[in-house]
2 protein chains.
Amino acid sequence: MVRKTGSHADITGPRIRAAAQSLFARHGFAAVSMRQIAAAVGVQAGALYFYTPDKQSLLFDLMHDHMQTLISAWDAADPGPELPPLVRLQAFVRFHIHHSLERADAVFLSYMELRNLTPDNFARIEALRRTYEDRLESILRAGLEGGTMHIPDAKLATLALIAMLTGITTWFRPDGRLSCDRVADIYWEMARKTVAGSLGADFGGSDSVA
Amino acid sequence: MVRKTGSHADITGPRIRAAAQSLFARHGFAAVSMRQIAAAVGVQAGALYFYTPDKQSLLFDLMHDHMQTLISAWDAADPGPELPPLVRLQAFVRFHIHHSLERADAVFLSYMELRNLTPDNFARIEALRRTYEDRLESILRAGLEGGTMHIPDAKLATLALIAMLTGITTWFRPDGRLSCDRVADIYWEMARKTVAGSLGADFGGSDSVA
DNA sequence: CCTTGAACTGAACACCCGTTCAGTTAATCA
DNA sequence: TGATTAACTGAACGGGTGTTCAGTTCAAGG
């Protein structure tokens with residue numbers, strides 16, 4: 001009696017969130033009005049407040065869900081700490097690229113609209129972002145300690161790799177020159193070399209630059 | 001008689017642009033009102049229109065100036081095409097990091113507010129961005145042809161490197177753990193390895209991952 | 001068939017938006 | 001000193017903002 005299966009509400013809520021995500025990603029949180037979101041769903045603006053307390057919560061929920069999904073999806077995809085760090089790193093690179101490209105709008109939102117969150121909400125999203133970064137950083141530290149990786153700074157390498165991988169979402173087009181799989185192959189090769197042993201002597205003179 | 005030296009206008013224009021840049025970077029173009037910009041300058045909103053035709057032009061001018069400054073500053077810093085590609089790449093990495101960190105607001109604007117440009121203005125900024133990317137890409141292609149670099153895809157390596165370098169602006173703090181110079185050193189080492197020869201056999205088994 | 005109540009409308013609330021413009025101010029020049 | 005004019009004010013313009021809420025609708029439950 002409290003809940004009817006197949007009710008309209010079960011589908012309208014997700015539809016609002018989908019419309020908001022798409023519009024926020026395309027035009028930015030501040031540039032999209034509740035009336036525009038409502039129109040995209042085919043409803044009056046007032047009806048949105050049956051599903052969300054306010055506009056800010058709509059943004060926060062989208063970002064929060066994305067970060068939680070990201071983290072738990074990686075924890076499910078992680079081949080495990082007993083495997084060699086380079087194996088785990090390869091899994092991470094492939095996972096991050098595929099997961100991000102399949103959720104371009106959510107990824108865009110989650111690092112473009114941080115400044116539109118209230119301080120409290122910002123802190124919660126930041127914590128999740130750091131949690132995800134720590135997953136990668138611990139892989140790099142394991143590789144460092146095991147001697148299979150050579151990185152000048154684990155924290156900076158983490159940030160550099162994530163920036164490099166996430167940047168793909170800003171230019172990748174499914175109908176472009178390269179498929180998602182091919183892009184993942186190429187980026188894995190670059191990432192592998194970034195953390196590889198520092199056998200830089202194979203091109204003489206590069207260090208003797210003024 | 002047309003221009004008075006030391007007039008108020010000579011300083012108010014730049015002050016408006018500085019305030020707009022700071023506010024746009026912190027809160028986003030759409031979230032900042034002309035009245036807020038005016039208040040930051042200590043003037044009424046209407047006075048802004050003595051210096052800019054509209055809000056959109058204010059944004060475009062900031063982004064356009066930043067891109068032009070970036071490109072011409074690199075062209076001045078480029079050690080020249082007669083030098084080894086790895087030398088030029090090192091110069092590029094150091095230049096990009098230092099230039100970006102000294103202009104955090106402008107960098108932030110120029111890749112966060114692209115979607116708030118009118119289609120015409122967007123196309124003009126995009127062209128400048130591509131011009132800058134081409135500077136790096138041609139270095140990588142030269143290294144590829146000369147055999148001193150080994151990259152799976154010059155275009156993707158360009159995008160990966162720029163994303164990696166520009167990402168620094170999102171976390172770098174002048175009073176943080178590492179100085180700008182130290183960060184540049186670390187990133188150069190990572191960038192160098194990314195484009196280095198593919199002597200990946202120094203850690204056996206990494207390629208035999210399922 | 002009638003009641004219930006979830007889903008939704010449409011109008012209203014107070015306020016903010018970018019932009020314009022008739023005036024005011026104050027400094028310069030002849 | 002008086003005319004000129006660039007710089008700026010302050011009010012107004014039409015319209016959009018997030019949010020609320022008294023009503024309407026309509027399918028399901030008893």
Side-chain angles (χ1 to χ4, degrees), chain A residues 1-21 23-24 26-63 109 113 115-121, chain B residues 1-21 23-24 26-63 109 113 115-121:
Chain A
M1 52 185 66
V2 212
R3 180 142 300 279
K4 288 170 273 188
T5 53
S7 126
H8 193 181
D10 294 339
I11 200 65
T12 302
R15 286 221 300 150
I16 289 172
R17 292 163 40 95
Q21 182 166 89
L23 287 167
F24 287 165
R26 230 189 306 283
H27 308 292
F29 174 75
V32 173
S33 72
M34 295 299 268
R35 281 172 243 270
Q36 288 175 56
I37 297 168
V41 178
V43 111
Q44 289 298 113
L48 301 184
Y49 291 84
F50 198 85
Y51 300 93
T52 185
D54 48 36
K55 196 188 177 191
Q56 167 75 204
S57 300
L58 200 47
L59 175 64
F60 173 73
D61 287 348
L62 288 170
M63 294 176 70
L109 262 194
E113 302 297 350
R115 60 188 170 185
N116 286 116
L117 292 171
T118 61
D120 279 9
N121 286 342
Chain B
M1 54 182 66
V2 213
R3 181 144 299 279
K4 288 167 273 186
T5 52
S7 125
H8 194 180
D10 293 338
I11 200 66
T12 302
R15 287 221 301 152
I16 289 171
R17 290 163 41 95
Q21 182 166 89
L23 287 167
F24 288 165
R26 229 189 307 283
H27 308 293
F29 174 75
V32 173
S33 71
M34 294 300 268
R35 283 167 178 84
Q36 288 175 56
I37 297 169
V41 179
V43 114
Q44 289 298 113
L48 302 183
Y49 292 85
F50 197 85
Y51 301 93
T52 184
D54 49 37
K55 195 187 177 190
Q56 167 75 204
S57 300
L58 199 46
L59 175 64
F60 173 75
D61 287 347
L62 288 170
M63 295 176 68
L109 262 193
E113 301 298 350
R115 61 188 169 184
N116 286 115
L117 292 171
T118 61
D120 278 8
N121 287 343

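Proteins come first, then strands; the chains are lettered A, B, ... in the order of their sequence lines, and each starts at number 1.
Distance check, rounded to the nearest 0.5 Å: CZ of A:R35 to CG of A:L48 gives 10.0 Å. Atom OH in A:Y51 sits 13.0 Å away from atom CG in A:L58 (nearest 0.5 Å). B:I16 CD1 to B:L62 CG: the interatomic distance, rounded to the nearest 0.5 Å, is 11.0 Å. The structure places CG of A:D61 at 9.5 Å from CD of A:Q56, a figure rounded to the nearest 0.5 Å.
In this entry the distance linking CD1 of B:I16 with P of D:dA7 reads 11 Å, nearest Å. Separating the CD atom of B:Q44 from the P atom of D:dA12 is a distance of 14 Å, rounded to the nearest angstrom. In this structure, CG of B:L58 is placed 16 Å from C1' of C:dC17, rounded to the nearest angstrom. Regarding A:D54, its CG atom lies at a distance of 11 Å from the P atom of D:dG18, rounded to whole Å. The separation between B:L48 atom CG and C:dT19 atom P is 10 Å, rounded to whole Å.
Distances from the side chain of A:K55 to the nucleotides C:dG10, D:dT19, C:dT19 place D:dT19 closest.
Remark: B:V32, B:S33, B:M34, B:R35, B:Q36 in residues 32-43 of chain B come within less than 4.0 Å of DNA chain C through at least one heavy atom.
Remark: B:E113 engages A:R115 in a salt bridge, criterion side-chain N to carboxylate O under 4.0 Å.
Residues A:M34 and A:Y49 come closest through the heavy atom pair CE-OH, 3.5 Å. Contact detail for B:H27 and B:V32: the closest heavy-atom pair is CB-CG2, 3.8 Å. Across A:L59 and A:L109, no two heavy atoms sit closer than the pair CD1-CD2, 4.2 Å.
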Exercise. Nucleotide by nucleotide, 5' to 3', does protein get under 4.0 Å of the base (B), only the sugar-phosphate (S), or neither (-) in nucleotides 20-26 of chain D, counting heavy atoms?
Worked result: B------
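Taking only side-chain nitrogens and oxygens, A:T12 comes nearer than 4.0 Å to OP1 or OP2 of C:dC8.
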